Every structure is written in structure tokens, then in C-alpha cells.
Number of protein chains: 2
Amino acid sequence: MKKGDKNTNRSKDEALAHLLQDNGLKITQGRISILEVFSKYHKPLNAEGVSKYLKGNKVDEATIYRTLKSFEEKGILRRVDLRNDSVYFEMNEGHHHHHHLVCKQCGDIEDVDVCEIDRLSKMALMNSSKFKLILDHSLEFFGVCKACNKG
Amino acid sequence: MKKGDKNTNRSKDEALAHLLQDNGLKITQGRISILEVFSKYHKPLNAEGVSKYLKGNKVDEATIYRTLKSFEEKGILRRVDLRNDSVYFEMNEGHHHHHHLVCKQCGDIEDVDVCEIDRLSKMALMNSSKFKLILDHSLEFFGVCKACNKG
DNA sequence: GATCAGATGCAACTCATTTGCATCTTTTAA
DNA sequence: TTAAAAGATGCAAATGAGTTGCATCTGATC
């Protein structure tokens with residue numbers, strides 16, 4: 001472990017604790033551990049996956065499910081539709097779909113809302129007879145990765 | 001029932017029968033009935049929904065599940081991800097590529113045509129290090145329909 | 001029409017997710 | 001600082017969508 005990791009971890013946990021607090025959830029070791037997993041692995045996980053990565057910090061299955069649900073309700077996690085048979089979640093970091101523009105000279109970074117999803121949303125609304133408000137969307141692509149495509 | 005409906009229904013069923021035949025599936029009353037449901041209601045349905053609409057033409061639950069699965073495998077139905085707890089399907093009418101608006105409150109679903117998906121797919125591929133082939137995608141919008149938005 | 005692969009219904013089963021409940025921990029308010 | 005209240009947890013039992021084994025039936029093929 002590198003020098004400073006301890007402090008880094010502590011401040012990370014403090015941030016996670018605040019996240020809970022800000023959402024009116026009690027700060028418990030289990031919740032922190034679950035948030036750490038999502039924060040560490042940066043990928044969609046289902047309850048089983050969370051459990052697997054919790055390793056030493058075991059949390060009861062029922063608690064994991066309850067936690068994922070409450071995190072989703074609070075907007076801490078967002079549900080991801082991957083055509084799987086179980087429900088996956090990932091950290092919901094503010095803007096759902098965004099990329100970055102980085103300045104080569106000064107290093108300044110700008111977030112950009114992806115792919116014209118906003119415009120697509122507007123188009124969808126314009127085409128709709130029943131809706132006038134879109135809160136959210138899901139856009140997932142399905143294909144074959146290069147590794148699998150070698151065969 | 002309007003004049004001509006009988007013939008219309010017969011020819012419709014014949015078309016559905018052909019659909020089965022072309023996909024190497026035996027033509028059975030149950031399968032025709034299930035296809036009729038999808039063809040009539042034009043909206044994503046899960047096994048329960050299909051069962052409900054089958055009314056007189058009851059088909060065993062297990063058969064419905066098996067049928068939905070085989071229809072998906074053959075490309076007759078396509079799976080739709082609506083953040084529901086069960087799996088929804090709709091007719092996969094090649095030409096008519098569309099997505100959905102889903103009301104988060106009442107669950108009502110509206111089809112929307114939103115094109116430019118091809119371009120988004122290309123963008124996604126360009127941004128990907130692991131993929132060079134996208135076969136499919138899902139794009140669904142979640143909001144509140146006008147009816148629910150009155151409150 | 002006989003034969004056979006495939007389709008169906010039924011009942012039993014699986015497995016992800018949920019729930020009831022007693023116990024424990026965090027938060028709160030004194 | 002501490003006691004009470006509110007909320008979180010673990011465990012075990014329950015739920016419910018979806019699956020499977022099996023005997024029976026039906027559509028396709030000859």
C-alpha cells in the first residue's frame with residue numbers, strides 16, 4: 001500500500017458517509033462497504049456481484065438488496081438495463097451520460113453531455129402525444145467484443 | 001363485427017402461420033393466439049400480460065414462457081428493457097424500428113420513432129476500445145405522462 | 001393413415017428477491 | 001453523556017417469475 005493511502009481511504013469513506021448523511025440514511029459499516037465496492041469497481045453490479053466484492057466485509061444478502069433499493073430511491077445508484085436476468089446498478093454520478101473535453105494546453109476539463117441524448121429526448125417528446133416530461137432514459141449497446149470476435 | 005372482418009382475420013392468421021413456418025416452428029393454435037395478442041395490442045407484454053389478453057384461448061403458463069423464448073430466439077419477438085421486474089417482449093417488425101416512452105407512475109407505454117441511432121452506434125464504437133461490432137441497442141425514455149402529470 | 005419430432009399441460013422445482021421479526025446500532029434530544 | 005426513538009441488520013421463511021421433467025397430445029412428413 002502506498003504512502004498516503006490510509007488518509008485517502010479515510011477521506012474517501014468520509015465522502016461516502018456524507019453521501020449517506022445527505023440522503024437521510026444512517027451511516028453504517030455495511031453501507032459504506034457497499035458504496036466502496038461501487039466506487040472501486042466502476043461497473044454495473046447486481047446483488048451477487050456486490051456480495052462477491054465485499055469479501056471480508058460480509059453483509060447479509062437481504063441487507064444488500066434492501067440497501068441497493070434504498071440507494072436507488074435516493075438516487076445514489078441508478079439502475080442499468082443490460083438485458084440480464086437480475087437487476088444491475090451503478091453509481092449515479094450526476095449527469096448520466098457524459099464525456100469530457102480536455103484542453104491540451106492548460107489541461108482544463110469540460111464535461112459534455114453525450115451524444116445528443118438531450119436532443120433525442122426532445123425529439124421523442126415532440127413525437128409523443130402522451131408525454132411532455134422525460135426524466136430519464138437508458139441507452140445501451142449490445143455487440144461482440146474484440147476478444148470474442150476473434151473466433 | 002364489420003363486413004369482411006372474417007376474411008381479414010383469416011388472412012391475418014395465415015400470415016402469422018407463415019411466420020411460424022418460415023421460422024421452422026410448428027403451427028399450433030396456442031402460438032397463433034399468442035402472436036395475435038402481440039399483433040393486436042401493439043405494446044410490450046410480459047408472460048402475464050399475454051396470458052391476460054389470451055382470454056378464451058388459454059395457454060398454459062409454462063407454454064407461454066417457452067413460446068416467448070423460442071419466438072425471441074427466432075427473432076419473431078424482441079426483448080424490451082423497461083426497468084420492469086419481469087421480461088417484456090414486442091413484435092420485432094424489422095422495418096419499424098422504434099423505442100419507448102415509459103411513464104414512471106402508471107407504466108403506460110408509447111412508441112417513439114427516434115432515428116440517428118446508427119450514428120450514435122458509430123460514435124459509441126469510435127469511443128470503444130473493446131468493441132468493433134454492435135448488433136443491437138436499447139433506448140428507452142422514462143418520464144411522466146400527461147395524464148399522471150395532472151396531479 | 002402411420003410415424004415421429006416437436007409441442008403442451010401439469011406439477012414440482014429453482015433461484016433471485018422480499019418480508020416478518022427479534023435484535024442491534026445509529027441518531028436524537030434531554 | 002446517556003436513554004429513548006428511529007432505523008438497520010441478520011436470519012429464516014416466504015414469494016413469485018421463470019424453468020424443467022415427464023407423460024400425453026398434435027402437427028408435419030412420408
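These numbers were taken from a predicted model, which means no experiment stands behind them. Residue numbers start from 1 in every chain, and the chains themselves are labelled A, B, ... in the order their sequence lines are given, proteins ahead of strands.
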For the residue pair B:Tyr53 and B:Tyr41, is the inter-centroid distance of their aromatic rings smaller than 6.0 Å?
yes

How many whole angstroms separate atom CD of B:Glu61 from atom P of C:dT14?
18 Å

How close or far is atom P of C:dT8 from atom CD1 of B:Ile32, stated in whole angstroms?
11 Å

Working note: B:Glu110 + B:His99, criterion side-chain hydrogen bond (donor to acceptor under 3.5 Å, both in side chains); need CA distance, chi angles, decisive distance, verdict.
CA-CA 8 Å; B:Glu110 185 182 5; B:His99 297 286; over 6 Å; no

Should B:Leu20 and B:Lys26 be marked as a side-chain contact (heavy atoms from CB on, under 4.5 Å) after you check the CA-CA gap, both sets of side-chain angles, and the distance that decides it?
CA-CA 7 Å; B:Leu20 293 173; B:Lys26 286 186 178 167; over 6 Å; no

Generate the contact string for nucleotides 23-30 of chain C. Rules: B means base contact, S means sugar-phosphate contact only, - means no protein heavy atom under 4.0 Å.
---BS---

Could you give the CD-to-P distance, from A:Glu73 to C:dT18, as a whole number of Å?
10 Å

Do A:Asn46 and A:Val87 touch side chain to side chain, with heavy atoms closer than 4.5 Å?
no

Within a reach of under 6.0 Å around NZ of A:Lys122, are more than 12 heavy atoms found that belong to other residues, nucleotides or ligands?
no

Round to the nearest Å and state the distance from B:Arg31 atom CZ to C:dG9 atom P.
11 Å

Whole-Å distance, A:Phe71 CZ to D:dT9 C1', equals 13 Å

List, with names and distances, any nitrogen or oxygen atoms from the protein found under 3.5 Å away from nitrogen or oxygen atoms belonging to nucleotides 11-17 of chain D.
none

When you compare the side chain of B:Lys40 with that of B:Val37, does any pair of heavy atoms fall below 4.5 Å?
no

Run through B:Arg79, B:His42, B:His100 and flag the one making a side chain to side chain donor-acceptor pair (under 3.5 Å) with B:Glu90.
B:His100

Quick one: is A:Thr63 getting a side-chain N or O under 4.0 Å of the D:dG10 phosphate, OP1 or OP2?
yes

Mind calculating the distance between CD1 (A:Ile64) and C1' (D:dA8) to the nearest angstrom?
14 Å

Of all residues at least two apart in sequence or in a different chain, which pass the salt bridge (Lys or Arg N to Asp or Glu O under 4.0 Å) check with B:Arg66?
none

Round to a whole Å and report the spacing from CG of A:Asn57 to C1' of D:dT9.
15 Å

Between C:dA16 (P) and A:Arg79 (CZ): distance, integer Å:
16 Å

Check for me whether B:Arg83 meets the cation-pi criterion with B:Phe142, that is, NZ or CZ under 6.0 Å from the six-membered ring centre and within 45 degrees of the ring axis.
yes

